[in-house]
Each structure stands twice: as structure tokens, then as C-alpha cells.
Amino acid sequence: MEQIIPKVQYTINVSPKVLEELWVTCFPEDGNGFATAFFRDYFRPEQGICIVGDGGVQSALYMLPCTYRVGDNTGSFVYIYAMCTHPNHRRKGNLRKMLEFAEQHCKQNGIDGIVLHALDTSRRVVEAFGMKPLLTREVGCPAFLGDSAQVKCGGDFETFYTLRNQYLSTLPAAIFWSSRELKFIYDDLCREGNLDFFRDAGGAIHYCAVDETDIPELVASSESTQYCAHIKMVLDTLTEEQQASLYFNLLLK
């Protein structure tokens with residue numbers, strides 16, 4: 001029987017069900033529900049990269065489009081999401097091969113760079129690939145939650161979208177998700193009961209969105225910590241100083 005040489009490709013013509021099974025195998029903590037929702041409500045085959053060889057799909061990742069602003073400069077990134085390899089095919093260089101494919105995708109499509117949040121298991125790979133630690137982010141619910149004058153109130157996606165972008169627009173440099181990405185995040189937060197809206201004494205509305213990405217285990221909501229993201233510029237559009245100024249707000253499960 002002829003052996004199939006592993007090939008890096010887009011996830012076009014790859015069964016979403018197979019990709020979902022790989023996701024659940026690699027990220028069992030997400031459960032079937034989140035993976036099912038991702039492939040049902042969000043997934044676009046042209047935004048996925050996978051490695052197919054003997055035994056089927058060995059590895060996969062997903063490229064979520066986002067934009068950035070540094071002062072008056074704006075541009076585009078892809079955020080690498082759910083990068084994973086089946087346990088039977090690890091330590092074969094698959095993650096690096098997919099990152100190289102993603103880099104070529106960016107070059108061919110005029111996308112400025114790649115950003116991701118590296119797990120401890122992938123940090124060495126992404127740094128060997130040339131990705132540099134990006135800015136950190138503060139986690140935890142805003143201080144107003146401890147104020148007895150704050151009361152819970154209703155809110156919807158448009159309120160969430162507007163408030164989040166208003167906050168990021170006050171910063172000198174930030175990365176923004178489009179409404180499509182944020183709607184998927186919003187729906188998941190609502191399903192899990194992890195999104196609340198509050199009205200302050202002056203009538204202004206705030207929100208608090210919490211999941212295991214934003215609030216690491218054992219970190220109280222009143223505390224803050226720092227998360228490390230990584231970046232690699234594909235096009236020569238931002239200096240190292242400008243890259244370091246970017247505020248990376250993950251808000252993804």
C-alpha cells in the first residue's frame with residue numbers, strides 16, 4: 001500500500017466533522033458544544049490550514065482576520081486560532097509547516113502579519129519560527145463591579161460591540177476583531193452565562209466578559225495578570241517599537 005506523503009493545504013474539501021473530531025481530541029476541555037458551534041456558525045474552509053497524510057487529517061489551525069491601529073496607521077493581521085496536532089503525529093514539525101503556510105498566505109494576500117496566543121506546549125515552536133512576544137493584556141472584571149451603586153441591566157450584541165470598540169479606541173495602539181468574530185464570541189459568552197451588563201450611577205452601561213482565557217484558573221476577578229501574545233510581521237509595515245505598543249485583547253475561548 002502506497003504511503004501518503006503529508007501535505008499542507010487549506011481546509012477546503014476537508015470534512016468539517018473530521019476537523020471537529022480533531023479539535024475535541026486536542027482540546028477536550030472545550031467539549032463538543034463549543035467545537036460544534038465553531039464549525040456550524042463560524043468556520044470558513046478558506047480560513048483553515050491543515051496537514052493531511054496517512055490516517056487523515058493530522059494537524060489544523062484557523063486564521064481569523066483582525067485589524068490593527070497604531071496611531072494613524074492601520075492594517076490587517078491574521079490571528080492563528082486552535083492550532084493543534086493529533087497525538088499520533090506530534091513532534092514531526094507539523095506546527096511549523098502550517099505557520100510557514102500561513103506566512104505565505106499573508107504574503108500573497110497583502111496581510112501585514114501573524115499574531116497568536118501561544119500555549120506552553122507551542123511557545124518554543126512559535127518562537128523558533130521567529131515570532132516575538134507582543135504586548136500583554138490586563139485581565140479581570142472592571143473595578144466598577146465592586147461598587148454597590150452598580151446594578152445589572154440588559155444588553156445586546158450591538159451594545160457589547162460598541163462598548164468594546166470605544167474602549168480600544170482610547171488606546172494608542174490596539175488590535176480589533178470584526179463584527180463577525182465578535183458576534184461568535186458574544187454568542188458563546190451568552191450561552192455559558194459569562195457576559196453581564198451593568199449600569200452605573202450616572203446611567204452609563206458597562207460590560208464584564210469572563211471565560212477561562214480571560215481569567216486564568218486561580219486568578220480572582222478583582223486581580224489582574226499579564227498574558228503573552230506573539231507576533232511576526234510578514235510585511236515591513238510596523239517598527240519593533242510600534243509592534244510593542246499594540247494592545248492585544250484576546251477575548252476568545
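Atom set for the values below is all heavy atoms of this structure, side chains included, hydrogens, waters and symmetry mates excluded. Numbers here simply count residues along the sequence, with the first being 1. Everything quoted here is computed from the prediction, not taken from an experiment.
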**Prompt:** Where do Gln9 and Val14 land on the side-chain contact (heavy atoms from CB on, under 4.5 Å) test, with the steps shown first?
**Reply:** CA-CA 10 Å; Gln9 62 182 64; Val14 176; 3.6 Å; yes
**Message:** Show the nearest heavy-atom pair for residues Val78 and Cys106, with the distance to one decimal.
**Reply:** CG2-SG, 3.6 Å
**Pairs satisfying salt bridge (Lys or Arg N to Asp or Glu O under 4.0 Å), at least one member in residues 33-45, at least two apart** = none
**Message:** Taking the six-membered ring for Trp, are Phe34 and Phe27 closer than 6.0 Å centroid to centroid?
**Reply:** no
**Message:** Taking the ring of Phe101 and the ring of Tyr10, is the distance between their centroids below 6.0 Å?
**Reply:** yes
**Request:** Measure from the side-chain N and O atoms of Ser122 to the backbone N and O of Val125, and report whether any donor-acceptor pair falls under 3.5 Å.
**Result:** no
**Asked** Within a reach of under 6.0 Å around CG of Asn88, are more than 12 heavy atoms found that belong to other residues, nucleotides or ligands?
**Response** yes
**Request:** Starting from the C-alpha separation in whole Å, work towards a yes-or-no answer on salt bridge (charged side-chain N to carboxylate O under 4.0 Å, His left out) for Arg191 and Asp187.
**Result:** CA-CA 6 Å; Arg191 275 193 301 269; Asp187 289 342; 5.3 Å; no
**Asked** Parallel, tilted or perpendicular: which fits the ring planes of Tyr79 and Trp177, with parallel below 30° and perpendicular above 60°?
**Response** perpendicular
**Request:** Compare all side-chain heavy atoms of Leu95 with those of Thr85 and state whether any distance is below 4.5 angstrom.
**Result:** yes
**Request:** Hey, can you tell me if Phe184 and Tyr42 have their rings parallel, tilted or perpendicular (30° and 60° cut-offs)?
**Result:** tilted
**Request:** Hey, could you give me the CD/CG distance between Gln58 and Asn94, rounded to the nearest 0.5 Å?
**Result:** 5.5 Å
**Request:** Check the pair Thr159, Tyr207 against side-chain contact (heavy atoms from CB on, under 4.5 Å), reporting the backbone distance first and the verdict last.
**Result:** CA-CA 9 Å; Thr159 302; Tyr207 77 84; over 6 Å; no
**Request:** Look only at the side chain of Ser169 and the backbone of Asn165, and say whether a donor-acceptor pair between them is shorter than 3.5 Å.
**Result:** yes
**Message:** If the condition is ring-ring contact (aromatic ring centres under 6.0 Å, His included), which residues does His86 pass it with, not counting sequence neighbours?
**Reply:** none
**Prompt:** Closest heavy-atom contact between Met83 and Leu61?
**Reply:** CA-CB, 3.9 Å
Using distance only, find each side-chain donor-acceptor pair of residues 126-133 under 3.5 Å and give its atom names and separation, not counting sequence neighbours.
from: Glu127; atom 1: OE2; to: His230; atom 2: NE2; distance (Å): 2.8
from: Lys132; atom 1: NZ; to: Glu240; atom 2: OE2; distance (Å): 2.7

**Request:** Supply the atom-to-atom distance Ser76 OG to Ile175 CD1, rounded to the nearest 0.5 angstrom.
**Result:** 11.5 Å
**For Arg90 against Cys26, the heavy-atom pair lying closest together** = NH2-SG, 3.8 Å
**Message:** Applying side-chain contact (heavy atoms from CB on, under 4.5 Å) to Met233 and Phe77, what does each step give before you reach the verdict?
**Reply:** CA-CA 9 Å; Met233 296 304 298; Phe77 287 148; 3.9 Å; yes
**Prompt:** When you look at CD of Glu46, are more than 12 heavy atoms from neighbouring residues, nucleotides or ligands closer to it than 6.0 Å?
**Reply:** yes
**Message:** Would the distance check show the side chain of Asn109 and the main-chain N or O of Ile111 forming a donor-acceptor pair, the cut-off being under 3.5 Å?
**Reply:** no
**Message:** Can you pull out every salt bridge (Lys or Arg N to Asp or Glu O under 4.0 Å) where at least one residue sits in residues 4-21? Sequence neighbours excluded, please.
**Reply:** none
**Request:** Determine the minimum heavy-atom distance between Leu99 and Ile114, stating which atoms define it.
**Result:** O-CD1, 4.4 Å
Donor-acceptor list for residues 64-71 side chains, cut-off 3.5 Å, not counting sequence neighbours:
from: Arg69; atom 1: NH1; to: Leu171; atom 2: O; distance (Å): 3.3
from: Arg69; atom 1: NH1; to: Pro172; atom 2: O; distance (Å): 3.3
from: Arg69; atom 1: NH2; to: Leu168; atom 2: O; distance (Å): 3.3
from: Arg69; atom 1: NH2; to: Leu171; atom 2: O; distance (Å): 2.6

**Request:** Nearest 0.5 Å please: distance from the CD1 atom of Ile185 over to the CZ atom of Arg164.
**Result:** 6.5 Å
**Prompt:** For the rings on Phe39 and Tyr62, is their centre-to-centre separation under 6.0 Å?
**Reply:** yes
**Asked** How close do Phe197 and Asp156 get, heavy atom to heavy atom, and via which atoms?
**Response** CZ-O, 3.7 Å
**Item:** Shortest non-hydrogen contact from Tyr161 toward Ser179
**Value:** CE1-CA, 3.6 Å
**Fill in**
In short, salt bridge (Lys or Arg N to Asp or Glu O under 4.0 Å) pairs touching residues 100-119 with sequence neighbours left out are Arg96-Glu100, Glu103-Lys232
**Message:** Let's go through Phe43 and Leu19 carefully: what are the C-alpha distance in whole Å and the side-chain angles of both, what is the deciding distance for side-chain contact (heavy atoms from CB on, under 4.5 Å) to 0.1 Å, and is it a yes or a no?
**Reply:** CA-CA 10 Å; Phe43 173 65; Leu19 295 170; 3.8 Å; yes
